[in-house]
Amino acid sequence: MNEKIADFLFPNIDKTPDYYEKMYPKRNLSDDAMVTRFGPSPTGFVHMGSLFGSFCDYIFAKQSGGVFYLRIEDTDQKRSIENGIDGIFNDLDAFEIVPDESARVGGDYGPYIQSERTEIYQTYVKDLIRRGLAYPCFLTEEEIKEIKEEQEILKTKLGIYGHYATDRDLSFDEIKEKIDNGEEYVIRLKSPGNPDKTIKIIDCIKGKIKFPEHNIDTILLKKDGTPTYHLAHAIDDHLMHTTHVIRGDEWVSSIPLHVQLFEVLGFERPEYAHTAPITKKDNGNIRKLSKRKDPEAKVSYYEEVGIPIDAVKLYLATILNSNFEEWYLNNQDKSIDDFTFTFDKMSVGGTLFDLDKLNNISKTYFSRKKAEDIYEETVGYCEKFDKSYAEVLKDNKDLMIAFLNIEKDGPRPRKDIAKYSDVKNEFSYAVDFMFEEENYSKLDSSKDYDIDMLERYIDIYNINDSKDEWFNRVKEFSINEGYSPNVKEYKNNPDKYKGHVGDVCEAIRVMTTGRDKSPDLYEILRILGKDKLRYRLELFRKYLNK
Ligand code: GLU
């Protein structure tokens, strides 16, 4: 009779699971190669949490010599948005997380869009019905609501199981009559589970997980014949030969169902790695990074504010493996590809997404980049997001590269830039007209400075001095002006001096840059040269009203 029901419900399905088993043979890969997949639903922009997931998929497949593929999970057509698929491809492209197989590049295990795989799902479901492991269920929404209300009052497990599963054993005639009457139905799993028994799995990240066996007749095919996530997961990950399902831990509670589905379908189960949610500190509380509240949850945010994608990836690597950051700081010339990631160094609880930390990582990243590259990339960024500054950069190429190059060499390069947009603020004093506009507005002290001393300093300034010669000259100058040549001496005899050499340098710095902190003063003075120093002295004189 089951055979008859199966044929009646799926008259157009003429294939058997065997057909697909042959069509998608085992992949020809080494034993430890991982096959991973990213399965986003095209319901809006890619959330940073999902991007993190795809980054894990990508890394683990790549480093094991395996395959990373992209599968569009659009079975919930109501939630899918127009251009959602393009958005996913664009976000992955931006992060250079390139799938080996996808709807775009193809592959031997497609289609890679679930809505194009309906026939495959129905073939397996037809077979389950034939084997008495699935059935059509005609319960209406109203009836299901009543069941739920009753279960809530009784405080028993929710769902269709046991005596609530009234349609489990309908005869062919009963089924035919209902369908002929136009009654709608879903296909449910005839769950063989016994909740008194326990299932155990070892999750690659969370370790041992135990659950009672699944015994709910979960929906496999919806009224419109499309699969639920659960069915699609089992069939696709089986046929596409996924070895490691890396997904958010909101799916942990579905493990018993998934284990059972793999069993009834006769599939070998992949390994599971359930990732902790990406969280954020908000007023002292830790909560999930939210699409609605947090701009940084949107993948496009990073491009807009000008954090290089490679820096964001480095940050993702630091939250992916707890030992990555230290490794990166100690390995100047290495890249993410040189690090071996493991599941056991992944967070089990929550993964804190910390923008300050990201900025620090990005600063380190910039500090290792050549000034010329920072310049070119900043021009590229500004052409998109700050056109007028792009022109300024282009008109002052050599000058800007010289500034960006200050303190780049040596074991502790400067870390002042975290994003392309920082270049404008950090070096606004570099270009004369911007310096004029900004003038001394960035100074936070209302200190007075000896403008005549500064004038005398410019007179003795020699652009050809080496750094040592320059500093010796500043010291000599300080003594002549009544300042101590070192701080200690000044502290021992404060009454004897107007101040110390540091105060002299501060005055020069403030006059030149409009700030009391700046990169190496010697370099700045050399880049600007004497004429510009004189010009700035006049601006400073006006500012000080002298
Ligand atoms: N489409 C599912 C989601 O967006 C994918 C989960 C999975 O990776 O299995 O949550």
Side-chain angles (χ1 to χ4, degrees), residues 34-61 66-81 84-85 87-89 91-92 97 99-103 109-118 120-121 201 203-206 209 218-220 222 226-262 265 267 269-278 288-291 297-299 316 320 343 346 351:
M34 293 187 194
V35 178
T36 62
R37 86 295 192 273
F38 178 42
S41 303
T43 53
F45 63 80
V46 175
H47 183 275
M48 214 45 205
S50 315
L51 189 90
F52 176 64
S54 67
F55 180 71
C56 301
D57 292 318
Y58 176 77
I59 294 260
F60 283 112
V67 173
F68 162 62
Y69 69 88
L70 172 66
R71 184 171 71 221
I72 302 292
E73 309 215 328
D74 60 344
T75 54
D76 195 348
Q77 292 284 347
K78 271 185 262 148
R79 291 179 58 228
S80 297
I81 61 156
I85 298 183
I88 292 166
F89 275 105
D91 284 340
L92 289 185
I97 299 178
D100 300 306
E101 297 168 11
S102 71
Y109 293 83
Y112 294 92
I113 299 186
Q114 285 183 332
S115 57
E116 295 172 13
R117 300 172 63 80
T118 309
I120 304 180
Y121 306 124
I201 74 152
D203 184 273
C204 298
I205 299 170
K206 297 195 183 289
I209 300 184
T218 305
I219 299 178
L220 302 178
K222 294 177 268 187
T226 61
T228 53
Y229 164 76
H230 311 293
L231 179 78
H233 153 51
I235 293 179
D236 291 347
D237 283 317
H238 165 68
L239 291 179
M240 295 177 168
H241 297 275
T242 309
T243 62
H244 290 73
V245 170
I246 305 172
R247 63 183 181 185
D249 65 4
E250 67 271 21
W251 295 111
V252 165
S253 59
S254 302
I255 287 176
L257 165 61
H258 296 167
V259 167
Q260 187 166 80
L261 277 176
F262 276 86
L265 288 161
F267 302 158
R269 186 161 47 76
E271 300 285 342
Y272 285 108
H274 286 95
T275 56
I278 302 282
K288 269 195 185 177
L289 194 66
S290 143
K291 269 192 179 190
K298 209 170 169 172
V299 167
L316 293 180
L320 172 55
F343 285 118
M346 285 179 76
T351 305

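Small disclaimer: the values here were computed from a predicted structure and weren't measured. Starting from 1, each residue takes its place in the sequence as its number. Both counts, for ligands and for their atoms, begin at 1 and track the order of listing.
Between H244 and F343, the ring planes lie parallel to each other; the angle is under 30°, not in the 30° to 60° tilted range.
Closest of all the heavy-atom pairs between V67 and D100 is CA-OD2, 3.4 Å.
Protein residues are said to neighbour a ligand when one of their heavy atoms lies under 4.0 Å from it; for ligand 1 these are R37, G39, S41, E73, Y229, R247, W251.
Tested against L70, the residues I85, D57, I88 include a single side-chain contact (heavy atoms from CB on, under 4.5 Å) partner, I88.
Side-chain rings of Y229 and W251 approach one another, their centers coming within less than 6.0 Å.
For the side-chain hydrogen bond (donor to acceptor under 3.5 Å, both in side chains) test, residues two or more places apart in sequence or in another chain that qualify with S115 are D74.
For K291, the NZ atom counts as densely surrounded, since its 6.0 Å shell holds more than 12 non-hydrogen atoms of other residues, nucleotides or ligands.
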